[in-house]
Student: 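Take a look at the following structure, please.
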Amino acid sequence: AQSVSQHNHHVILSEAASLELGCNYSYGGTVNLFWYVQYPGQHLQLLLKYFSGDPLVKGIKGFEAEFIKSKFSFNLRKPSVQWSDTAEYFCAVMLMDSSYKLIFGSGTRLLVRP
Amino acid sequence: NAGVTQTPKFRILKIGQSMTLQCTQDMNHNYMYWYRQDPGMGLKLIYYSVGAGITDKGEVPNGYNVSRSTTEDFPLRLELAAPSQTSVYFCASSYSPGFEAEKLFFGSGTQLSVL
């Protein structure tokens, strides 16, 4: 069955530290890839997406992600985190078959200490 | 536009009771999804629909049913509520899942407790 794995469930960083959150998926076909963020008490918001082309994509708030097809990975990065980045981050994969299922990972809770 | 509207926002059920979580969107979106969000588990897809009259199971469909008689509405039905169904439920919709997939609109969620 298709699945999305986020191996880091909780991450604690100090401000200005660099961030990398892992995301791997299991599906052999074409996918669209997403990272969403959920701030406390709020809805999911789209950070960035990958459909095709340059595997390094840039999103809002200084986030970027790199799609490595051979590794089935789509890791999220930010060079220098801020306290306001404290949130839960979800990787999501859309299967580009006739189902268009959008499958989420289990999420990573990021705490940034001032 | 109202976007995606979910009702109720909160509900407490007794074991064995039934209820329907309502979801409606006014954006003429073809694709609609129901997710449940459990702590540490992320969002799990329960059911989804690619258009009126068409529904399909997601990752965790057991204990739930859906219908899609109109483009606007996608209700989720719990027939015999169980404590394992205590969760936050999100409805989402999208016009097209392809290139415009970033335009995935989420409802505000329904917090359900089964006691």
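Just so it is clear: chains get the letters A, B, ... in the order the sequence lines come, proteins before strands, and each one is counted from 1. All figures in this text were calculated on a predicted structure; none of them were measured in a lab.
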Student: Is it the backbone or the side chain of A:Leu102 that comes under 4.5 Å from a heavy atom of chain B, or both, or neither?
Tutor: both
Student: Would a hydrophobic clustering, with Ile, Leu, Val, Met, Phe, Trp and Tyr connected at side-chain separations under 4.5 Å, put B:Tyr89 with B:Phe10?
Tutor: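 No, because B:Tyr89 and B:Phe10 fall into different hydrophobic clusters, even though each may have its own neighbours under 4.5 Å.
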Student: I'd like to know if B:Leu45 and A:Leu46 are part of one continuous hydrophobic network [Ile/Leu/Val/Met/Phe/Trp/Tyr, side-chain heavy atoms within less than 4.5 Å].
Tutor: yes
Student: Show me the donor-acceptor pairs, under 3.5 Å and distance only, between side chains in residues 58-68 of chain A and residues at least two apart or in other chains.
Tutor:
unit_1, atom_1, unit_2, atom_2, d
A:Lys58, NZ, A:Glu64, OE1, 2.9
A:Lys61, NZ, A:Tyr39, OH, 2.9
A:Glu66, OE1, A:Arg77, NH1, 3.3
A:Glu66, OE1, A:Arg77, NH2, 3.4

Student: Check whether B:Tyr64 and B:Met32 end up in the same hydrophobic cluster, where Ile, Leu, Val, Met, Phe, Trp and Tyr are linked by side-chain heavy atoms less than 4.5 Å apart.
Tutor: yes
Student: Test question: given the 4.5 Å side-chain rule for I, L, V, M, F, W and Y, name all other residues clustered with B:Leu115, or answer none.
Tutor: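 Once heavy-atom contacts under 4.5 Å are chained together, B:Leu115 belongs with B:Ile12.
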Student: Would you check, one step at a time, whether the test side chain to side chain contact (heavy atoms under 4.5 Å, CB included) holds for A:Phe90 with B:Gln37?
Tutor: CA-CA 11 Å; A:Phe90 294 93; B:Gln37 184 178 25; 3.3 Å; yes
Student: Which region of A:Gln6, side chain (C-beta onward) or backbone (N, CA, C, O), has a non-hydrogen atom less than 4.5 Å from a non-hydrogen atom of chain B, or is it both or neither?
Tutor: neither
Student: Under a 4.5 Å heavy-atom cut-off, does chain A meet the side chain of B:Phe106, its backbone, both or neither?
Tutor: both
Student: Quick one: does B:Leu43's side chain get under 4.5 Å of A:Leu44's, heavy atoms only?
Tutor: yes
